[in-house]
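See structure below.
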Amino acid sequence: MTGTTRDQDTVRDKATVKALLDQEGHTYAEDAGIKLRNTPQPLYQVLVAACLLSARIKASVATAAAHELFAAGMRDPRKMRDATWQQRVDALGRGHYRRYDERTATQLGDGARLLLDRYGGDLRRLRDEADGDPDAIRRALREVPGLGPVGVEIFLREVQAVWPEAGPLFDAKALKGAERLGLPARPEDLAALVPEAAYAVFAAALVRAALDRHVAEEVAGARP
């Protein structure tokens with residue numbers, strides 16, 4: 001590939017990214033009403049959202065269900081643990097998260113208890129105990145009930161803006177979206193297209209392109 005061709009590809013890719021972010025420039029945490037900071041409550045809320053998003057259910061339903069849990073007061077592990085199982089089921093139901101509501105209500109309660117017992121409800125302690133090593137963080141997160149490999153990647157993808165050691169993280173679904181948009185298929189190449197602070201937003205937008213073919217079509221139509 002010549003230098004000129006490479007430069008042309010980079011210009012095209014950046015135009016695609018701009019069109020994508022103009023249209024889909026928001027994280028799933030934002031969709032659930034979470035204002036992400038490296039503090040216990042929002043980190044826990046992203047964990048809850050990741051648990052819900054990892055099920056075979058529409059992302060919009062998962063974020064709506066997370067929003068309902070938080071609106072019902074279950075914003076931190078202690079309040080999630082202290083809520084009754086039925087209160088958790090009811091909140092999930094108001095978000096139309098009905099297919100997995102009973103099992104998920106149990107897992108959320110069990111997960112909250114584990115986080116309180118092991119980390120005092122503060123996921124930063126989990127990170128510290130892992131010495132910031134992404135693989136060790138993944139192993140620790142896998143112990144949370146209801147948080148399988150997919151959920152772990154969703155959580156880290158969403159928090160990489162405040163846990164930079166997790167990034168650049170463009171998981172399998174994000175890479176599928178990149179392919180659909182004609183963007184590079186390697187995480188390091190995707191990372192080169194945006195500032196570090198935008199990794200999480202970019203990854204979430206790519207996931208939407210993977211999940212909804214219309215996103216890619218609209219981006220193509222908006223691109224110069």
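Quantities reported herein were computed from a predicted structural model and do not represent experimental measurements.
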Quick one: do D22 and K18 make a salt bridge, cutoff under 4.0 Å?
->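 A salt bridge links D22 with K18.
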
Under 4.5 Å between side-chain heavy atoms, hopping through other hydrophobics if needed: is there a path connecting [X] to [Y]?
X: L169; Y: L20; answer: no
X: L47; Y: L116; answer: no
X: L147; Y: L115; answer: yes
X: L156; Y: V144; answer: yes

Any donor-acceptor N/O pair, [X] side chain to [Y] backbone, under 3.5 Å:
X: Q87; Y: T84; answer: yes
X: D212; Y: H214; answer: yes
X: R88; Y: M80; answer: yes
X: E158; Y: F155; answer: no
X: R127; Y: G132; answer: no

Residue pair [X] / [Y]: nearest heavy atoms and the distance that separates them:
X: L190; Y: L175; answer: CD1-CD2, 3.7 Å
X: G121; Y: P40; answer: O-CB, 4.2 Å
X: I137; Y: E165; answer: CD1-OE2, 3.8 Å
X: I34; Y: V46; answer: CD1-N, 3.8 Å
X: R138; Y: E153; answer: NE-OE2, 2.6 Å
X: Q160; Y: R157; answer: NE2-O, 3.0 Å

Residues that D110 engages under salt bridge (charged side-chain N to carboxylate O under 4.0 Å, His left out), provided they are two or more places apart |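 Residues passing salt bridge (charged side-chain N to carboxylate O under 4.0 Å, His left out) with D110: R113.
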
What's in the same ILVMFWY side-chain cluster as L53, cut-off under 4.5 Å, chained through other members?
->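 The other cluster members (ILVMFWY side chains, heavy atoms under 4.5 Å, direct or chained) are Y28, V150, I154, V207, L211.
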
Is any side-chain heavy atom of Q107 less than 4.5 Å from a side-chain heavy atom of C51?
->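 Contact flag for Q107/C51 side chains = no.
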
Taking the side chain as every heavy atom from C-beta outward, state whether Y119 and R124 have any atom pair closer than 4.5 Å.
->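 Answer no - side chains too far apart.
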
Nearest 0.5 Å, what's the CD-CG distance between E179 and L183?
->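 That separation rounds to 11.0 Å.
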
Could you please spell out the steps behind the side chain to side chain contact (heavy atoms under 4.5 Å, CB included) verdict for R75 and Y44?
-> CA-CA 8 Å; R75 301 184 185 92; Y44 174 70; over 6 Å; no

Would you please test E30 and T27 for side chain to side chain contact (heavy atoms under 4.5 Å, CB included) and show each step?
-> CA-CA 5 Å; E30 289 172 323; T27 63; 3.2 Å; yes

Determine whether the side chains of R208 and H26 contain a donor N or O and an acceptor N or O closer than 3.5 Å.
->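 There is such a pair (donor and acceptor under 3.5 Å, judged by atom type) between the side chains of R208 and H26.
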
Please test D90 against D101 for side chain to side chain contact (heavy atoms under 4.5 Å, CB included), starting from the C-alpha separation and ending with a verdict.
-> CA-CA 8 Å; D90 290 346; D101 55 350; over 6 Å; no

R37 and V162: CA distance, side-chain angles, deciding distance, side chain to side chain contact (heavy atoms under 4.5 Å, CB included) verdict = CA-CA 7 Å; R37 296 184 302 279; V162 294; 5.7 Å; no

